[in-house]
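Heads up, the thing below is written out as structure tokens.
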Amino acid sequence: MTAQPVLKTDLVQTQLVKPCLVGNDLNDELNRESSQELNKDLSKELKKSTQSKFSKAAARYNTHANVQKRAASDLFALMKPGFNKNKVCVDLGAGPLVNTHTLQSMFASVIAMDLSLNMLQSSNLTTPKICADMDNLPLQANSVDVIYSNFAVQWSANFSALIQSLYSILKPGGQAYISTVVEGSLNEIKTAFAALDSNSHINTFNSELYINQSVQNAGFTINSAKKRIYTDEYITPLKAIASIKAIGATTQNHTNTRQGLLTKSALQKVCSAYPLINNKACVSYHVVLLSLQKH
């Protein structure tokens, strides 16, 4: 069977990366086989772990992704009205396609791309879908008009290389709108776990300076770069800690991690050390919002 017509051969380099093209007409067997081939191509255990955890979180993602929704709204605000309706847009790290519908109202074609097949399949929205690794994009150079990516590129194994790749696939004059989590995020959880041991229990995020330098080195013009701090509040520390698992964001991108499950006493110790504000357990995300343009 073939994918939807919008996935033209000048967009998808099937000879380099064999993506899973998920359409309404594709059967479960094809999805399983393509997903297995994708897993073989992922060279790092981190990628497999990230894919697994986001896939498991697919069913409950929309319920818990409050910060992501606020970031998406601010990212859309950076996009100037009056886009050419004939343009092709890639929703990179589309997840369960929560932003794809809005993008469809702005562009003639929107391709949803995500590492998690379950995330893509959790939406009934009719649009071309590609299950692929952002660090090995199956798109040719100068083939895309707009890239939209909300709360996704922090999972890249090499942000600098990813940004160079995004610059390459954009057409001259193309635009990228990106939000990414940066250093300083999840500090409340980091503080709580410090009472337990010296191991790291959260991801290491890139600094704002590194993000800006990588973007400039890739050749982008920065039309806008804004930093926001988004905060979620929970009635207990346990719910705050559980919140990052509910969106699949527990993959740790470093080796200094604690192995195994927490005992009940260890978890109680962590919760007791959780910093409270007005008797609320907060989880904060430091996020950079970027509006970029290719020369």
Side-chain angles (χ1 to χ4, degrees), residues 6 54 58 61-116 119-120 122-130 134 137 139 144-156 159 162-163 166-167 169-171 173-182 185 205-206 208 211-212 215 218 220-232 247-249 283-294:
V6 71
F54 276 101
Y61 184 90
N62 285 339
T63 303
H64 295 274
N66 301 314
V67 166
Q68 287 84 337
K69 293 172 185 176
R70 282 143 59 191
S73 178
D74 288 342
L75 196 58
F76 277 121
L78 295 179
M79 303 173 73
K80 297 179 181 178
F83 275 107
N84 187 332
K85 291 287 290 185
N86 294 324
K87 290 185 175 180
V88 174
C89 174
V90 171
D91 187 358
L92 182 63
L97 280 64
V98 291
N99 300 310
T100 309
H101 183 267
T102 301
L103 292 170
Q104 284 182 320
S105 69
M106 304 170 69
F107 304 104
S109 175
V110 180
I111 301 171
M113 184 180 296
D114 201 272
L115 181 64
S116 168
M119 282 283 191
L120 293 171
S122 69
S123 171
N124 293 323
L125 191 65
T126 301
T127 197
K129 304 171 187 178
I130 303 178
M134 70 173 70
L137 291 171
L139 303 175
V144 173
D145 298 290
V146 177
I147 296 168
Y148 177 94
S149 183
N150 182 53
F151 253 75
V153 297
Q154 65 270 7
W155 306 117
S156 169
F159 177 81
L162 169 62
I163 288 297
L166 297 184
Y167 188 90
I169 69 174
L170 281 172
K171 297 176 182 177
Q175 296 163 302
Y177 299 92
I178 298 170
S179 71
T180 181
V181 180
V182 297
S185 298
F205 297 107
N206 292 317
E208 183 179 4
I211 296 294
N212 288 329
V215 166
F220 276 109
T221 296
I222 302 178
N223 293 327
S224 177
K226 300 179 180 180
K227 184 177 180 180
R228 296 282 188 269
I229 299 177
Y230 302 102
T231 303
D232 265 346
I247 59 171
V283 178
S284 62
Y285 294 83
H286 295 231
V287 179
V288 170
L289 306 170
L290 298 167
S291 171
L292 312 173
Q293 187 162 6
K294 180 175 180 176

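Values in this document were obtained by computation on a predicted structure and should not be read as measured data.
- The main-chain N or O of Asp74 is never found under 3.5 Å from a side-chain atom of Lys226 such that the two would form a donor-acceptor pair.
- Annotation: side chain of Leu103 is not in contact with side chain of Thr127 (no heavy-atom distance under 4.5 Å).
- What you find for Leu78 and Ser224 is that their closest heavy atoms are CD2-OG, 3.8 Å.
- Annotation: the span from Ile130 atom CD1 to Asp91 atom CG amounts to 11.5 Å, rounded to 0.5 Å.
- Taking CD of Gln293 as the start and OG1 of Thr221 as the end, the distance is 6.5 Å to the nearest 0.5 Å.
- A donor-acceptor pair under 3.5 Å is absent between the side-chain atoms of Asn150 and the main chain of Ser179, judged by distance alone.
- For Ser73, the side chain to side chain contact (heavy atoms under 4.5 Å, CB included) criterion is met by no residue, not counting sequence neighbours.
- Closest approach of Ile222 and Val215 over heavy atoms only: CG1-CG1, 3.7 Å.
- Applying the side-chain hydrogen bond (donor to acceptor under 3.5 Å, both in side chains) criterion to Ser291, with sequence neighbours excluded, gives no partner residue.
- Checking side-chain atoms of Ser122 against main-chain N and O of Met119 turns up a donor-acceptor pair under 3.5 Å.
- In terms of modelled atom types and a separation under 3.5 Å, the side chain of Ser149 and the main chain of Ala152 share no donor-acceptor contact.
- Taking the centre and axis of the six-membered ring of Tyr167, the NZ or CZ atom of Lys294 falls inside the cone set by 45° and 6.0 Å.
- Residue His286 holds its NE2 atom at 13.5 Å from OG1 of Thr180, rounded to the nearest 0.5 Å.
- For Tyr230, there are no ring pair (Phe, Tyr, Trp, His ring centres under 6.0 Å) partners, not counting sequence neighbours.
- Proximity of Leu139 to Met113: side-chain heavy atoms (C-beta onward) are separated by under 4.5 Å at one or more points.
- Considering every non-hydrogen atom in both Leu75 and Leu290, the closest pair reads CD1-O, 4.1 Å.
- Checked against the 6.0 Å centroid criterion, the rings of Tyr177 and Phe76 do not qualify as a close aromatic pair.
- Taken to the nearest 0.5 Å, the CE atom of Met79 stands 7.5 Å off from the OH atom of Tyr148.
- Side chain of Gln104 to backbone of Thr126: a donor-acceptor contact under 3.5 angstrom is found.
- When all heavy atoms are compared, the tightest approach of Phe205 to Val182 is CB-C, 3.5 Å.
- Counting heavy atoms from C-beta on, the side chains of Val146 and Val88 never come closer than 4.5 Å.
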Start with the C-alpha gap between Val90 and Ile169, add the side-chain angles, then the distance that decides, and say whether side chain to side chain contact (heavy atoms under 4.5 Å, CB included) holds. CA-CA 10 Å; Val90 171; Ile169 69 174; 5.5 Å; no

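- Only one option out of Leu120, Leu97, Val110 pairs with Leu125 in a side-chain contact (heavy atoms from CB on, under 4.5 Å); it is Leu97.
- Considering only residues two or more places apart in sequence or on other chains, Thr102 meets the side-chain hydrogen bond (donor to acceptor under 3.5 Å, both in side chains) condition with none of them.
- Remark: Lys171 engages Asp145 in a salt bridge (Lys or Arg N to Asp or Glu O under 4.0 Å) (not counting sequence neighbours).
- Residues Val181 and Asn206 have side chains not in contact (no heavy-atom distance under 4.5 Å, counting atoms from C-beta outward).
- Listed by chain and number, the residues in a side-chain hydrogen bond (donor to acceptor under 3.5 Å, both in side chains) with Asn99 amount to none (sequence neighbours excluded).
- Between the side chain of Arg228 and the backbone N or O of Arg70, no donor-acceptor pair lies under 3.5 Å.
- In this structure, Phe220 and Ile163 approach most closely via the heavy-atom pair CE1-O, 3.7 Å.
- Note that CD1 of Ile178 is 9.0 Å distant from CD1 of Ile211, once rounded to the nearest 0.5 Å.
- Distance alone, capped at 3.5 Å, places no donor-acceptor pair between the Ser156 side chain and the Leu162 backbone.
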